[in-house]
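One structure below.
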Amino acid sequence: MSVKLIVVVLCAAIGTATGYMIMRSYRRNFEYLDGLCEVVNELKRNIAYRRDGTCGVLRGMTFKCSLLGKNVGEYVEFATGKQEKPNISRGFLPADIHASACEFFAGLGGGDGGSQLDVLNMYADKFGAMRSAAETKSTKYGGVAVKLGFLVGLGIGILVL
């Protein structure tokens with residue numbers, strides 16, 4: 001009897017852990033996009049008021065998402081002339097978010113203040129919409145993934161008996 005109970009608990013634990021991993025991937029995408037929106041807003045404020053260099057502004061920022069910090073570091077290496085083209089790491093990002101981030105970093109510092117502000121406004125809208133979708137996915141489907149993982153694991157454990 002105790003072996004059967006251990007099998008059921010183990011299957012439920014594996015299912016729950018799988019659900020948490022799915023929820024974590026949704027949350028990481030949201031945190032990356034939230035940080036990217038913060039970067040865009042900080043650059044917009046900088047262009048409007050201080051007009052510091054892009055690399056200086058980005059070096060002074062702190063990031064909750066380690067991948068975003070890595071990507072900013074890769075952009076700074078490109079902007080300071082250490083690399084020929086921006087090589088932005090993909091990490092855990094889906095293809096569409098990665099492509100948008102690469103496009104964003106490649107276009108930074110490519111024009112005067114007015115045109116750069118227009119580009120940043122476009123990216124603020126684009127990343128804002130992506131962030132809203134990721135937040136909805138994270139809150140809506142993250143909890144469901146954990147609950148469903150538990151139930152599927154429990155069901156498999158019961159079927160094994």
Side-chain angles (χ1 to χ4, degrees), residues 1-46 54-55 57-79 82-83 85-108 119-161:
M1 182 65 178
S2 64
V3 174
K4 293 178 182 179
L5 184 61
I6 291 174
V7 168
V8 171
V9 169
L10 185 63
C11 288
I14 290 171
T16 304
T18 304
Y20 273 114
M21 289 189 316
I22 293 170
M23 180 180 72
R24 186 171 171 238
S25 70
Y26 289 145
R27 187 168 291 145
R28 286 188 309 185
N29 287 339
F30 168 70
E31 288 174 355
Y32 184 87
L33 288 167
D34 190 47
L36 206 52
C37 287
E38 288 176 18
V39 167
V40 170
N41 290 332
E42 181 63 29
L43 289 172
K44 283 171 43 178
R45 278 192 297 273
N46 179 51
T54 304
C55 291
V57 172
L58 292 176
R59 282 185 186 135
M61 292 183 73
T62 57
F63 305 101
K64 291 184 256 180
C65 181
S66 60
L67 181 61
L68 181 58
K70 181 179 179 182
N71 289 350
V72 167
E74 292 165 345
Y75 167 75
V76 169
E77 286 181 9
F78 160 71
K82 294 180 182 174
Q83 292 181 355
K85 64 177 187 166
N87 186 16
I88 306 301
S89 301
R90 181 170 177 184
F92 56 80
L93 296 175
D96 60 337
I97 295 175
H98 180 253
S100 297
C102 287
E103 186 180 298
F104 167 70
F105 284 117
L108 279 180
V119 169
L120 288 173
N121 284 328
M122 181 207 49
Y123 279 113
D125 294 340
K126 183 176 185 177
F127 290 142
M130 292 172 113
R131 186 185 79 188
S132 296
E135 183 178 24
T136 302
K137 247 184 181 178
S138 176
T139 57
K140 193 177 201 181
Y141 300 126
V144 171
V146 174
K147 293 171 189 169
L148 193 59
F150 172 75
L151 290 175
V152 167
L154 187 64
I156 289 173
I158 290 171
L159 286 175
V160 167
L161 297 179

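In terms of heavy-atom proximity, Gly128 sits nearest to Cys37 at N-SG, 3.8 Å. Closest of all the heavy-atom pairs between Phe30 and Ala134 is CA-CB, 3.9 Å. The two residues Val40 and Ala124 make their nearest non-hydrogen contact at CG1-CB, 3.7 Å. Of all heavy-atom pairs between Ala79 and Cys55, the closest is CB-SG, 3.4 Å.
Between Glu74 and Ile88 the shortest side-chain heavy-atom distance falls below 4.5 Å. Phe63 places a side-chain heavy atom less than 4.5 Å from the side chain of Val39. Within the 4.5 Å cutoff, the side chain of Met23 has heavy atoms near those of the Arg27 side chain. When side chains are defined from C-beta on, Thr18 does not count as touching Val152, because their heavy atoms never get closer than 4.5 Å. In this structure, Phe104 and Val119 have side chains that are not in contact, with every pair of non-hydrogen atoms separated by 4.5 Å or more.
In this structure, Phe78 and Tyr75 have tilted ring planes: the angle between them lies in the 30° to 60° band. Ring pair Phe92/Tyr32 is perpendicular by interplanar angle, where above 60° counts as perpendicular and below 30° as parallel.
Without hydrogens or angle criteria, Asn46 side chain to Glu42 main chain gives no donor-acceptor distance under 3.5 Å. A donor-acceptor pair under 3.5 Å is absent between the side-chain atoms of His98 and the main chain of Gly91, judged by distance alone. Looking only at distances, a side-chain donor or acceptor of Ser100 sits under 3.5 Å from a matching main-chain atom of Asp96.
If you take OG on Ser89 and CG on Leu68, they are separated by 11.5 Å, rounding to the nearest 0.5 Å. Summarising the geometry, atom CG belonging to Asn71 is positioned 7.5 Å from atom SG belonging to Cys102; distances are rounded to the nearest 0.5 Å. Atom CD1 of Ile22 sits about 13.5 Å away from atom OH of Tyr141, to the nearest 0.5 Å. Taken from OH in Tyr123 to CG in Leu108, the straight-line distance is 8.5 Å, to the nearest 0.5 Å. Asp125 contributes atom CG, which lies 11.0 Å from atom CG of Leu120 (distance to the nearest 0.5 angstrom). With rounding to the nearest 0.5 Å, the separation of CG in Leu159 from CG in Leu154 is 10.0 Å.
Among residues two or more places apart in sequence or in another chain, the side chain to side chain donor-acceptor pair (under 3.5 Å) test is passed with Arg131 by Asp34.
Atom NZ of Lys137 is surrounded by 12 or fewer heavy atoms from other residues, nucleotides or ligands within 6.0 Å.
Under 4.0 Å is where a charged nitrogen must lie from a carboxylate oxygen, and between Glu31 and Arg28 no such pair does.
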